[in-house]
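In what follows, a structure is listed as structure tokens, so that the remarks can point back to it.
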Amino acid sequence: MSVPYDQVVQFVRTFAKVVSENREYLTDLDSAIGDADHGINMDRGMSAALAKLDGVPEGDVGNLFKTVGMTLVSTVGGAGGPLYGTLFIQMGMAVAGKPELSSQDWAEALTKGLEGLVMRGKAEPGDKTMVDALTPARDALKEALEEGASFGDALRRSAAAAEEGMKGTIPLVARKGRASYLGERSAGHQDPGATSTYLLLKTAADTWADGDP
Amino acid sequence: MSVPYDQVVQFVRTFAKVVSENREYLTDLDSAIGDADHGINMDRGMSAALAKLDGVPEGDVGNLFKTVGMTLVSTVGGAGGPLYGTLFIQMGMAVAGKPELSSQDWAEALTKGLEGLVMRGKAEPGDKTMVDALTPARDALKEALEEGASFGDALRRSAAAAEEGMKGTIPLVARKGRASYLGERSAGHQDPGATSTYLLLKTAADTWADGDP
Amino acid sequence: MKKLINKPEDVVTEALQGIAAAHPDLVRVHTNPNFLVRADAPVQGKAALVSGGGSGHEPMHGGFVGMGMLDAACPGEVFTSPTPDQMLEATKAVNGGAGVVHIVKNYTGDVMNFDMAAEMARGEGIEVESVLVDDDVAVQDSLYTAGRRGVGTTVLMEKIAGAAAEERRALKEVAEIARHVNSNGRSMGMALTSCTVPAAGKPTFEIGDDEMEIGIGIHGEPGRQRMKLKPVHEIVEMMAVAVVEDIPYAKGDEVLAFVNGMGGTPLIELYVVYNEVNKFLEGRGVKITRNLIGSYITSLEMAGFSITLLKLDDELTKLWDAPVKTPALRWGV
Amino acid sequence: MKKLINKPEDVVTEALQGIAAAHPDLVRVHTNPNFLVRADAPVQGKAALVSGGGSGHEPMHGGFVGMGMLDAACPGEVFTSPTPDQMLEATKAVNGGAGVVHIVKNYTGDVMNFDMAAEMARGEGIEVESVLVDDDVAVQDSLYTAGRRGVGTTVLMEKIAGAAAEERRALKEVAEIARHVNSNGRSMGMALTSCTVPAAGKPTFEIGDDEMEIGIGIHGEPGRQRMKLKPVHEIVEMMAVAVVEDIPYAKGDEVLAFVNGMGGTPLIELYVVYNEVNKFLEGRGVKITRNLIGSYITSLEMAGFSITLLKLDDELTKLWDAPVKTPALRWGV
Ligand SMILES: Nc1ncnc2c1ncn2[C@@H]1O[C@H](COP(=O)(O)OP(=O)(O)O)[C@@H](O)[C@H]1O
Ligand SMILES: Nc1ncnc2c1ncn2[C@@H]1O[C@H](COP(=O)(O)OP(=O)(O)O)[C@@H](O)[C@H]1O
Ligand SMILES: [Mg+2]
Ligand SMILES: [Mg+2]
Ligand SMILES: [Mg+2]
Ligand SMILES: [Mg+2]
């Protein structure tokens with residue numbers, strides 16, 4: 001099963017809605033170990049992306065992701081802007097020209113996106129960042145597909161892995177980003193970026209997995 | 001009965017102690033309709049006066065009062081400094097050279113002190129100031145003495161009149177000093193200066209009236 | 001009480017020591033009694049300017065001592081007028097033979113203490129001119145009150161009269177110019193929070209999380225009116241109307257607009273306020289040709305602001321633009 | 001939340017409009033994307049300085065645009081690094097043919113956004129030198145963290161490198177001087193209160209009435225350590241020891257001492273702090289030959305302060321003294 005173009009658009013729309021609904025939650029998380037803006041930033045960026053959607057010519061998933069990414073770069077700022085921007089831009093490059101998204105395309109998109117993210121931010125797993133949600137999510141997706149799971153099932157396992165990775169950031173001492181200034185005091189708090197990344201993977205599962213049990 | 005010199009010194013010492021004990025109370029009153037410093041100011045001034053006492057050559061009540069007054073002028077500042085300073089300096093002028101204080105001397109001292117205060121501050125009774133405690137106190141003292149009351153009795157009636165005058169400031173709308181900026185909002189609060197003036201008259205009664213029932 | 005201090009009773013002295021250590025090129029600090037004079041005082045043949053008032057309004061007045069502004073400042077205890085002997089000693093220290101102007105904010109305490117000082121100085125043969133600042137439109141003027149308070153216009157007066165004195169204008173002329181500033185200046189203030197007098201240890205007034213005080217002075221006194229917090233454009237409108245209709249300022253007038261922070265308000269908010277003031281005056285055809293934005297006459301850590309408008313003419317503008325070199329205001333040199 | 005604003009989302013834009021209205025003689029404001037340039041930009045043949053960062057630190061950086069300091073500043077949302085397109089447009093607007101220095105505070109977001117902007121600018125043929133500020137000794141330096149934050153030294157770097165550029169020194173030399181400032185400057189901050197990001201609507205952290213945060217940054221982030229409030233001489237000692245022992249500053253060294261208010265701290269307290277800093281350094285034989293006291297790099301309405309020491313040499317002193325004319329710093333002109 002492949003996800004048709006309009007379902008990819010729907011994924012972007014839903015992610016924007018989810019971010020907006022979690023604006024305060026993400027910001028509260030960022031208050032504890034950062035500077036209280038992650039939800040505000042992501043919401044500003046995804047609102048801007050939403051406003052751009054109608055102008056995007058239909059039928060090219062890669063172009064859609066790139067547009068989202070570029071919009072994030074130019075509207076978010078902070079760490080989130082370049083990181084999510086790079087993630088979406090690289091995802092877009094990975095699936096350039098594709099009219100729909102196969103499970104392999106999505107696996108490839110996440111892989112390239114993660115690579116771009118790591119190149120930009122130089123974070124490793126365990127540093128208490130977005131990477132801690134995205135890495136296991138990508139791994140779980142690939143593993144599920146290798147085991148022959150349906151795309152829907154793979155998406156659900158990917159989201160579950162992201163959630164686990166997100167929760168796994170709680171005990172960690174941050175070594176990247178603003179939270180690292182706190183040293184030991186950063187332990188005991190869930191990373192805001194890992195949380196928004198989990199929401200991204202969860203949105204993908206919620207939007208795309210339904211028709212494919 | 002006349003009050004001997006050392007009892008006048010005792011009066012000054014006790015007033016300093018009373019002011020110090022009421023420092024927070026007077027300041028709280030000043031918070032409500034002024035700038036939260038009346039107790040602090042008076043305490044600073046009376047502490048300085050206390051420190052000067054040992055250096056004052058004995059035996060001249062007028063000189064004692066003048067020293068207190070000049071110390072208040074140069075250490076209190078605000079409205080309290082010139083007003084209490086003038087009060088004490090004028091009281092001192094009224095009893096210049098006296099080795100002790102007769103009831104008539106005290107009546108004269110309060111009269112001259114009040115005159116000086118009014119000349120300096122231009123307040124009339126009813127303006128919600130020190131004058132509202134001092135005027136009835138002086139009047140009550142004179143009246144008692146004219147009626148042939150003992151000095152002790154006259155002092156007690158004077159303090160009682162000051163207390164009534166002080167309480168009478170509560171409903172008044174201030175027309176002088178900082179509280180006047182509040183307009184109608186100054187009503188319902190007791191005037192800090194009238195309160196410290198009552199404490200002065202009460203201290204005189206408490207210190208001098210005992211031996212003269 | 002959260003303050004960066006040692007003991008409450010030492011705040012004023014230690015801040016003075018800090019100023020003395022920081023700006024020996026600009027000011028000399030005298031203690032006991034406390035006053036500051038410009039480093040080159042007395043300036044022979046120049047009318048000298050002495051101001052003073054309670055502490056807690058920094059940089060006013062100590063930060064305004066120096067070339068082109070004040071010759072001396074007398075800091076009292078926090079929110080308490082200084083004493084006559086401070087003023088007298090300062091007056092003597094800066095008198096360069098051409099007399100001394102006392103700039104006095106209209107508060108009972110300040111007026112009485114400066115009066116006593118002026119009497120004493122005259123007794124010692126020094127010519128003294130007293131100039132009163134009473135620009136606060138929040139206080140309804142009336143014969144039956146202490147009159148209007150002196151607030152924001154004080155800063156502008158000290159700068160402008162200071163420039164006139166620097167030009168070696170005669171004492172009476174400097175005093176006249178200062179009075180002209182007073183009659184052309186009007187202010188109003190507001191507060192979001194109270195402030196805490198160090199020695200008192202607790203806030204002067206309580207105020208709700210959604211309330212503000214309008215028509216506040218600079219001593220943490222309650223204002224004329226408490227109301228629910230509003231968007232700043234409404235607050236500015238309310239205050240600016242009271243200010244502009246007092247003189248009134250008319251279409252075509254040129255003004256200096258002074259947006260002043262109360263001590264706890266950050267600059268970003270003052271620029272938001274200035275933006276509203278600017279729009280408001282544009283709407284009335286009043287032209288801002290000079291401005292001053294920052295915390296120059298404060299109430300300890302109070303959050304809030306005041307607006308001062310000074311109607312300008314060519315002379316006032318020229319004197320405002322003249323060089324000034326003090327710890328807190330500096331340009332042209 | 002008590003702020004002098006209209007809507008939280010409009011704060012940055014309206015403050016920019018306020019700056020534009022207030023200082024047309026000094027700066028021009030561009031919106032969409034947001035940046036400020038000095039009124040005479042681009043200055044032909046001069047290396048240009050571009051800085052930027054989240055808003056909420058006013059007057060940094062917009063208040064430092066003008067002759068002798070920055071050519072452009074890019075304000076992000078509150079506490080959020082600006083975006084690459086702001087930086088790119090600002091870079092293009094001020095490039096006078098001699099290249100552009102980017103002054104970047106060491107935060108993940110700032111670094112990444114400026115990196116992207118520099119790549120793009122180079123792609124358009126503009127020579128760009130990036131200079132990092134990472135002077136906050138509260139952050140234990142380590143290969144395993146994002147490194148030290150850029151705080152107070154930023155202000156001094158912008159002034160000093162700005163003076164070098166004004167002298168028409170070459171791009172690389174201006175960048176070298178800026179890096180020299182960074183290696184000679186160290187800072188540490190503390191907070192008495194939190195601050196509230198307008199869009200968040202509530203304080204970033206909770207703190208008790210008798211507590212303080214030591215080792216705070218400039219974004220309302222919690223610091224390294226929370227402790228009971230102490231007299232300021234103990235606080236200064238604690239912070240100054242950490243600062244002076246980092247380089248270390250030695251007996252006989254001359255330094256610029258910068259006592260900075262966090263936005264909600266009144267000047268009277270900053271002078272009390274300065275007095276302690278001065279005594280502390282005297283005790284160590286370190287000589288303060290220049291100083292800066294005021295709220296120049298702030299965290300909205302946070303109460304607190306930071307200490308920055310910059311080891312001076314003749315060249316740095318000369319460049320510090322050189323004329324500057326910006327909304328927030330002005331002397332010599
Ligand atoms: N170097 C990095 N690599 C990957 N993710 C990072 C890095 N630095 C920070 N992050 C992520 O960014 C999140 C914070 O984003 P945001 O609050 O929008 O930016 P800022 O820290 O600039 O305020 C963190 O929770 C973390 O997950
Ligand atoms: N003109 C005046 N005449 C007499 N008393 C006055 C006058 N103005 C003020 N007062 C008294 O002074 C008191 C306030 O004194 P204080 O707080 O020490 O000075 P300040 O108002 O300068 O802070 C008032 O409560 C009032 O009783
Ligand atoms: Mg953040
Ligand atoms: Mg008072
Ligand atoms: Mg007072
Ligand atoms: Mg941020």
Side-chain angles (χ1 to χ4, degrees), chain C residues 1-7 10-12 14-19 21-23 55-56 58-59 63 78 192-193 209-210 212 229 231-233 235 263-276 278-279 288 291 293 295 298-305 325 327-328 330-333, chain D residues 1-7 10-12 14-19 21-23 55-56 58-59 63 78 192-193 209-210 212 229 231-233 235 263-276 278-279 288 291 293 295 298-305 325 327-328 330-333:
Chain C
M1 176 175 59
K2 282 192 156 178
K3 289 184 188 289
L4 301 166
I5 63 173
N6 292 305
K7 283 182 278 163
D10 296 338
V11 175
V12 172
E14 292 182 3
L16 272 182
Q17 288 169 355
I19 292 185
H23 311 294
S55 292
E58 290 66 25
V78 172
L192 294 175
T193 64
D209 274 351
D210 58 346
M212 60 180 175
L229 197 56
V232 72
H233 72 91
I235 303 174
T265 286
L267 197 53
I268 187 170
E269 294 180 31
L270 295 183
Y271 275 107
V272 172
V273 169
Y274 183 80
N275 188 41
E276 296 299 340
N278 184 53
K279 284 195 290 186
I288 303 179
N291 61 61
I293 302 163
S295 296
T298 60
S299 295
L300 297 170
E301 76 283 19
M302 177 181 278
F305 72 101
K325 188 175 176 182
R330 181 165 172 186
W331 58 71
V333 60
Chain D
M1 176 176 58
K2 283 192 153 177
K3 288 184 188 289
L4 301 166
I5 62 172
N6 291 306
K7 282 182 277 164
D10 295 339
V11 175
V12 171
E14 292 182 4
L16 272 182
Q17 287 169 357
I19 293 184
H23 310 294
S55 292
E58 290 66 26
V78 172
L192 294 175
T193 64
D209 273 352
D210 57 346
M212 60 180 175
L229 197 56
V232 73
H233 71 92
I235 303 174
T265 285
L267 196 54
I268 187 170
E269 294 180 31
L270 295 183
Y271 275 107
V272 172
V273 169
Y274 183 80
N275 188 43
E276 297 298 340
N278 183 53
K279 285 195 290 185
I288 304 180
N291 62 61
I293 301 163
S295 297
T298 60
S299 294
L300 297 170
E301 76 282 20
M302 176 180 278
F305 73 101
K325 189 174 176 182
R330 182 166 171 185
W331 57 72
V333 60

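A note on names: the letters A, B, ... follow the listed sequences, proteins ahead of strands, and every chain is numbered from 1.
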I'd like to know which of C:I235, C:V232, C:T265 tops the heavy-atom pair count under 4.5 Å against chain D.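 Ranked by contacts with chain D, first place is C:V232.
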
Specify the closest pair of heavy atoms between C:K3 and C:L300, including all atoms of both residues, with the distance to one decimal. NZ-CD1, 4.3 Å

Heavy-atom pair with the smallest gap, counting every atom of D:P59 and D:A328: CB-CB, 3.4 Å

Interface moiety of [X] toward chain D, non-hydrogen atoms closer than 4.5 Å:
X      : result
C:M1   : backbone
C:I268 : both
C:T298 : neither
C:D10  : neither
C:V333 : backbone
C:N278 : side chain
C:A303 : neither

Are C:H23 and D:N291 close enough, and set up right, to give a side-chain contact (heavy atoms from CB on, under 4.5 Å), and what steps lead you there? CA-CA 9 Å; C:H23 311 294; D:N291 62 61; 4.2 Å; yes

Salt-bridge contact C:E301-C:K2 (side-chain N to carboxylate O under 4.0 Å): no

For D:L229, is it the side chain, the backbone, both or neither that has a heavy atom under 4.5 Å from a heavy atom of chain C? side chain

Residue D:I293 versus chain C: region with a heavy atom under 4.5 Å: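 Only the side chain of D:I293 comes within 4.5 Å of chain C.
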
Taking atom types as modelled, is there a side-chain donor on D:E14 or C:N275 under 3.5 Å from an acceptor on the other?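 Looking only at side-chain atoms, C:N275 and D:E14 do not form any donor-acceptor pair under 3.5 Å.
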
Starting at CD1 of C:I19, measure out to OH of D:Y274 and round the result to the nearest 0.5 Å.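 The CD1 atom of C:I19 sits 12.0 Å away from the OH atom of D:Y274.
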
Counting only heavy atoms not in C:D210, do more than 12 sit closer than 6.0 Å to its CG atom?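 More than 12 within 6.0 Å, yes.
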
Short question: side chain of D:Q17, backbone of D:A15 - any donor-acceptor pair under 3.5 Å? no

May I ask you to decide if C:L267's main-chain N or O and D:E58's side chain share a donor-acceptor pair within less than 3.5 Å?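 No, because the side chain of D:E58 does not come within donor-acceptor range (under 3.5 Å) of the backbone of C:L267.
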
Most heavy-atom pairs under 4.5 angstrom with chain C, which of [options]?
options                : result
D:M212, D:K279, D:E276 : D:E276
D:F305, D:Y271, D:W331 : D:Y271
D:V273, D:L270, D:L192 : D:L192
D:S55, D:G304, D:G264  : D:G264
D:P266, D:S295, D:P231 : D:P266
D:G332, D:A22, D:A21   : D:A22

